[in-house]
Amino acid sequence: MKKEIIALYPGSFDPLTNGHLDIITRASRLFPTLIVAITKNLNKNHLFSLEDRIDMLKESVSDMHNVKVVSFSGLLANYFDEMKANVLIRGLRAVSDFEYEFQMALMNRNLNANFETVFLMPDQDYTFLSSSMIKEIAMLGGDTKDFVPACVEKKLKQIKKQNQ
Ligand code: COA
């Protein structure tokens, strides 16, 4: 039995939503240490810079004392060992998430036999949220305040203003 379990929650967080925050809150209650790892995903065109994504995450988890925010590049399977993690956290919003997540969990376990993925379900109020949807709503002038933390809403408004 492991004494100190380190959980790792990776993602693009472009931007962080209340759904991600719900998963972070749940994981931080279950595990003594939670590392939220923000990736530069080369296949994705991010709206927010890595620095902005880190800042928004740090601000949003500032009251969760066992949560650390970091960034990483490269293979998650290697980073998992580098951080001495025991558990990978992923959120499952709906059955449609399952196929991709299942494939990724098994691929990661093939790459690294230590890999264990734990899936958490967000509150049902957040099952319809996605970062792309939030970005689209914000850039078209819609209200995102019920879907993202206040610091994210503020940044979305700034970007919309800059793009006008
Ligand atoms: N609430 C709201 N939205 C959620 C959510 C939740 N609880 N959980 C997932 N999402 C959404 C995100 O908003 C995002 O939406 P979008 O597609 O509209 O932007 C989408 O689900 C997926 O985002 P995310 O959870 O950030 O995952 P990702 O696919 O961007 O990144 C990594 C997943 C980081 C784990 C993966 O890219 C990775 O491992 N990268 C490293 C390279 C590597 O090792 N590759 C091999 C993997 S086998």
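Counting convention: from 1, in listed order, for ligands and their atoms alike.
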Participant: With Lys160, which residues qualify under side-chain hydrogen bond (donor to acceptor under 3.5 Å, both in side chains), at least two apart?
Facilitator: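 Lys160 satisfies side-chain hydrogen bond (donor to acceptor under 3.5 Å, both in side chains) with no residue once adjacent residues are dropped.
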Participant: Determine whether Arg53 and His46 make a side-chain contact, defined as any pair of heavy atoms from C-beta on separated by less than 4.5 Å.
Facilitator: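 Yes. Closest side-chain heavy atoms under 4.5 Å.
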Participant: Could you tell me whether the side chains of Asn78 and Asn112 share a donor-acceptor contact shorter than 3.5 Å?
Facilitator: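 No - no donor-acceptor pair under 3.5 Å links their side chains.
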Participant: Considering only NZ, NE, NH1 and NH2 on the basic side and carboxylate oxygens on the acidic side, decide whether Arg90 and Glu101 come within less than 4.0 Å.
Facilitator: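 Yes.
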Participant: Write out the protein residues near ligand 1, meaning a non-hydrogen atom under 4.0 Å from one of its atoms, in order of chain and number.
Facilitator: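 For ligand 1, the contacting residues are Pro10, Gly11, Ser12, Phe13, Thr17, Gly19, His20, Ile23, Thr39, Asn41, Lys44, Gly74, Leu75, Leu76, Arg90, Arg93, Tyr100, Met104, Met107, Asn108, Leu129, Ser130, Ser131, Ser132.
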Participant: Do Asp14 and Lys135 meet the salt-bridge criterion of a basic N to acidic O distance under 4.0 Å?
Facilitator: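 Salt bridge between Lys135 and Asp14, a charged N being under 4.0 Å from a carboxylate O: yes.
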Participant: So if you build clusters from Ile, Leu, Val, Met, Phe, Trp, Tyr with side-chain heavy-atom gaps below 4.5 Å, do Leu92 and Leu120 land together?
Facilitator: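 No.
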